[in-house]
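So the structure is just underneath, and the comments pick up after that.
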Amino acid sequence: MTTDIAANLAQVKSAIAAAAQDCDRGADPVSLIAVSKTQPGAAIEAALATGHRHFGENRVQEAEQKWPDLKTRYDDLSLHLIGPLQSNKVRLAVALFDVIETVDREKLARALAREMAKTDRHVECLVQVNTGEEQQKAGIWPQQADAFIALCRDDLGLPVIGLMCIPPVSEQAALHFALLREIAQRNDLPHLSMGMSADYAMAVRFGATMVRVGSGIFGARAPMAQ
Ligand SMILES: *Cc1c(COP(=O)(O)O)cnc(C)c1O
């Protein structure tokens, strides 16, 4: 398993580099976020042993079990929250994560701003956009994105660095990547978190600066409730 993870990481990194070169996006770097949700400590250790330091988790409680010890051992970790954040977990999330990718509603934005002011810990934020306008999915709707970004950044002073999306499974991801890029450009936001195991190379061609890859690195996950 250890060798698989090292080999998979190397393979994904070279595919990202190849896609970036293809589309002439210059030296614009792409961060590979290794999505370690449901993965045991041994799998995470295998990735850490290769020197990889960017990870994503989608549940605060699960991350709280897995990461505090590792954070004391590796001071250069970057841990991203990529799943829904409830307001009552904001304190834990601000303490543990380095990037919160799922800011998507006013109540949450206000709670994050209050907690960051109180603790003086300023965690970089991405606004999650529900590009497919799916009822069951988190994220601000595209037509409300500009106003919400302005609220977060200008009124609340959150360190918003970009946008994140999870395209509908049944649609062409490219259309959603293009829409996310357009919203980021008109709001002067430099970062785009988009692309997963099945489509990260395409996301890079559409300007992703962060791709979130789970099964492509760690292998298939046991099924979990979303
Ligand atoms: C699980 C997850 C991923 C990784 O998905 P894979 O298809 O395993 O690469 C990426 N982003 C989010 C938000 C996730 O929940």
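As the structure lists them, so they are numbered: ligands from 1, and atoms in each ligand from 1. Basis for what follows: all heavy atoms, side chains included, without hydrogens, waters or symmetry-related copies.
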Inset, instruction - Might you point out which heavy atoms bring Ile166 and Glu134 nearest each other, and give the distance in Å? - result: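 Smallest heavy-atom distance, with atoms named: O-OE1, 4.3 Å.
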Legend entry - Glu133 CD: over 12 foreign heavy atoms closer than 6.0 Å: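 Yes, CD of Glu133 has more than 12 neighbouring heavy atoms, counting only those of other groups under 6.0 Å.
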Legend entry - Worked check of salt bridge (charged side-chain N to carboxylate O under 4.0 Å, His left out) between Glu62 and Arg59: CA-CA 5 Å; Glu62 182 185 340; Arg59 291 185 174 186; 5.4 Å; no
Inset, instruction - State if Arg221 counts as touching ligand 1 under the rule of any non-hydrogen atom under 4.0 Å. - result: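 Within the 4.0 Å threshold, so yes.
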In terms of atom number and element, which parts of ligand 1 are under 4.0 angstrom from non-hydrogen atoms of [X]?
| X | value |
| --- | --- |
| Val213 | 9 (O) |
| Ile82 | 11 (N), 12 (C), 13 (C), 14 (C) |
| Gly214 | 4 (C), 6 (P), 8 (O), 9 (O) |
| Ile166 | 13 (C) |
| Arg212 | 4 (C), 9 (O), 10 (C), 11 (N), 12 (C), 13 (C) |

Inset, instruction - Name the option, out of Ala220, Ala198, Gly83, Ser197, that contains the heavy atom nearest to atom 6 (P) of ligand 1. - result: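 Looking at heavy atoms only, the winner is Ser197.
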Inset, instruction - For the pair Asp199 (side chain) and Met196 (backbone), establish whether a donor and an acceptor sit closer than 3.5 Å, ignoring hydrogens and angles. - result: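 The answer is yes, because a donor-acceptor pair under 3.5 Å joins these two groups.
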Inset, instruction - State yes or no: are the ring centers of Trp67 and Phe97 separated by less than 6.0 Å? - result: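 No: the rings miss the under 6.0 Å criterion.
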Inset, instruction - Show your reasoning for whether side chain to side chain contact (heavy atoms under 4.5 Å, CB included) applies to Val35 and Asn58. - result: CA-CA 8 Å; Val35 177; Asn58 74 337; over 6 Å; no
